[in-house]
Protein chains: 2
Amino acid sequence: MPRRSYDQYCGLARALDVLGERWTLLVVRNLLLGPQRYSELLRGLPGITTNLLAKRLKEMEAEGLVERAADESYRLTPLGASLEPAIHALGRWGWRRMGKPTRRDRRNLDWLMVALRRRYRGGATLTATVEADGSPYHMVLRGDRAEIGRGAAPASDIRVTGTPDAIARLFLDTLPDVGTPPVVSVDGDESLLGTLVQAFSRGDDEPEERRHVRAG
Amino acid sequence: MPRRSYDQYCGLARALDVLGERWTLLVVRNLLLGPQRYSELLRGLPGITTNLLAKRLKEMEAEGLVERAADESYRLTPLGASLEPAIHALGRWGWRRMGKPTRRDRRNLDWLMVALRRRYRGGATLTATVEADGSPYHMVLRGDRAEIGRGAAPASDIRVTGTPDAIARLFLDTLPDVGTPPVVSVDGDESLLGTLVQAFSRGDDEPEERRHVRAG
DNA sequence: CAGGATCCGCCGCGATACTG
DNA sequence: CAGTATCGCGGCGGATCCTG
């Protein structure tokens, strides 16, 4: 039973044959931060339904994008992980035309962390653990490489804890109440907080209008 | 009547809200080489139906991706053209896992030319006109910039003519009958043909080795 | 003939209920 | 927890039909 295809000898069309169905790239996005179980994926992809997630995971497994780990969780194969540049290119385009979140928009630190993988400017060296609502992330910066994923870092130079909103506002200036500083608590070397935030300051995914104003 | 949205405050999800519908990115791909009229787009996107193309073009115009030129043709806006990096990232991923064309695959020099925009390795300086079946393309290489689009170059250093298959085989080694050299006719400085082809030699979109696709 | 619009049938998708 | 089963709707594909 062949899947629907564009039947075009073109790299883009071939990629879309595999990735173009609804939710597929968002599943890859969520798995970029580490393996997840079915129920975790279901929670991390608000709006998807259980039948569709099951169908997508089967298709993606058949295409070699994901595989089952020993503990039954789903993880990206090297082929699936090699989609990260494409996800970042699309994400950069999307972020550039994104304003404040609407009331309908769901927010999630996973998606912010994926964006931060892309936005890392390099030049920092530190190991951080960032945690909100009991869900920690590790952020290991070493020169021009940033390794970001779920789970605390084994040995952090700095540990930042706060509400998801506060953590998000630490790195994004497109969120409401930007005037007031986000309230987070910091353990470890507090002087590294500035380094951490600066390392992900907004660059080429600035919104269009500001770019043009500043470009003058 | 709002379009279907993932309602996620995430750059990728926002991008897919706009680009995720079927055919949208392929329309952008075809317009990267220059403006086209409705009937030209219809011919250049085999498989799309007239109603769907009309619908997509309206949506894309509403989203600011395309606009109508003075001669009624459709062309990319700066926002639409800014999708080129994302299209190249997806295209590179698709080309890497693409083998020989199947019997169902349609082939088209437009799609090859878009791939060549991405594959340009830099370091060449020449102006070429490549033509097949009466449809010319200009390829203007200046150092690290390659400008490729529909229409002949006003003053070409070299002019290459042949069947679409011969032109394609000039740049691709994944096509059948690779053993025999493609038959093209060259006008102008024939010594530039090697430079032209080498400038687009396959690099990081090489196909994956078989180890990833191990059939049981 | 270019540039669409209209109609119809199917299937991908979304929502809910159910099962091992 | 990890999926299946069922059902209704809307997006999509195919063909046809207008309109300058």
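Chain identifiers are assigned alphabetically (A, B, ...) following the order of the sequence lines, protein sequences preceding nucleic acid strands; residue numbering begins at 1 within each chain.
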Over how many whole Å does the gap from A/Leu53 atom CG to D/dT4 atom P extend? 11 Å

Can you confirm if the NZ or CZ of A/Arg106 lies within 45° of the ring axis of B/Tyr6 and under 6.0 Å from the centre of its six-membered ring? no

Is any NZ, NE, NH1 or NH2 atom of the basic residue among B/Arg97 and A/Glu63 found under 4.0 Å from an Asp or Glu carboxylate oxygen of the other? yes

Could you please name the option among C/dG3, C/dG12, D/dG11 that lies closest to any side-chain atom of A/Glu21? C/dG12

Measure from CD on B/Gln36 to P on C/dA2 and round the result to the nearest Å. 14 Å

Passing candidate, side chain to side chain contact (heavy atoms under 4.5 Å, CB included) with A/Leu65, options A/Leu25, A/Val27, A/Leu83: A/Leu83

From CZ of B/Arg37 across to P of C/dC1 the rounded distance in Å is 16 Å

Without decimals, in angstroms, what is the distance between B/Arg22 CZ and C/dC13 C1'? 14 Å

Counting only side-chain heavy atoms from C-beta out, which of D/dA2, D/dG3, D/dG13 sits nearest to A/Tyr74? D/dG3

Would you tell me if any nitrogen or oxygen in the side chain of A/Arg68 comes within less than 4.0 Å of OP1 or OP2 on D/dG3? yes

OP1 or OP2 of C/dG12 sitting under 4.0 Å from any side-chain N/O of A/Arg4? no

Pair B/Glu72 + B/Arg37, salt bridge at N-O below 4.0 Å: no

Out of C/dA15, D/dC12, C/dG3, which has the shortest distance to the side chain of A/Thr49? C/dA15

On DNA chain D, does the nearest nucleotide to B/Gly47 precede the nearest nucleotide to A/Tyr38 from the 5' side, or the other way round? Give the residue. A/Tyr38

Describe, in one word, how the ring planes of B/Tyr120 and B/Phe200 are oriented to each other, choosing from parallel (under 30°), tilted (30 to 60°) and perpendicular (over 60°). tilted

Under the 3.5 Å rule, do the base of D/dG14 and the side chain of B/Asn51 count as making a donor-acceptor pair? yes

May I ask you to check if B/Arg68 and B/Tyr74 form a cation-pi contact, with NZ or CZ under 6.0 angstrom from the six-membered ring centre and within 45° of the axis? yes

Indicate whether OP1 or OP2 belonging to D/dG13 is found under 4.0 Å from a side-chain N or O atom of B/Trp23. yes

Expressed in angstrom and rounded to an integer, what is the separation of B/Leu57 atom CG from C/dA5 atom P? 10 Å

So what does B/Arg43 hit on the nucleic acid, given a heavy-atom distance under 4.0 Å: a base, only sugar-phosphate, or nothing? nothing

When you match B/Thr50 and A/Leu42 each to their closest nucleotide on DNA chain D, which lands nearer the 5' end? A/Leu42

For A/Lys58, salt bridge (Lys or Arg N to Asp or Glu O under 4.0 Å) partners two or more places apart: none

Rounded to whole Å, please give me the gap between OH in A/Tyr6 and C1' in D/dG13. 12 Å

Nearest to the side chain of B/Ala54, heavy atoms from C-beta on, is which of C/dC13, C/dT16, C/dG4? C/dG4

Just to confirm, is there a sub-4.0 Å distance from OP1 or OP2 of C/dA5 to any side-chain nitrogen or oxygen of B/Lys58? yes

B/Leu52 has an atom CG; how far is it from atom P of C/dG3, in whole Å? 18 Å

State which residues pass side chain to side chain donor-acceptor pair (under 3.5 Å) with A/Asp105; sequence neighbours excluded, sorted by chain then number. A/Thr102, B/Arg14

Rounded distance (Å) that lies between atom P of D/dA2 and atom CD1 of A/Ile48: 15 Å

For the helix from C/dC1-D/dG20 to C/dG20-D/dC1, measure the angle between the helix axis at one end and the axis at the other, each built from five pairs, rounding to 10°. 20°

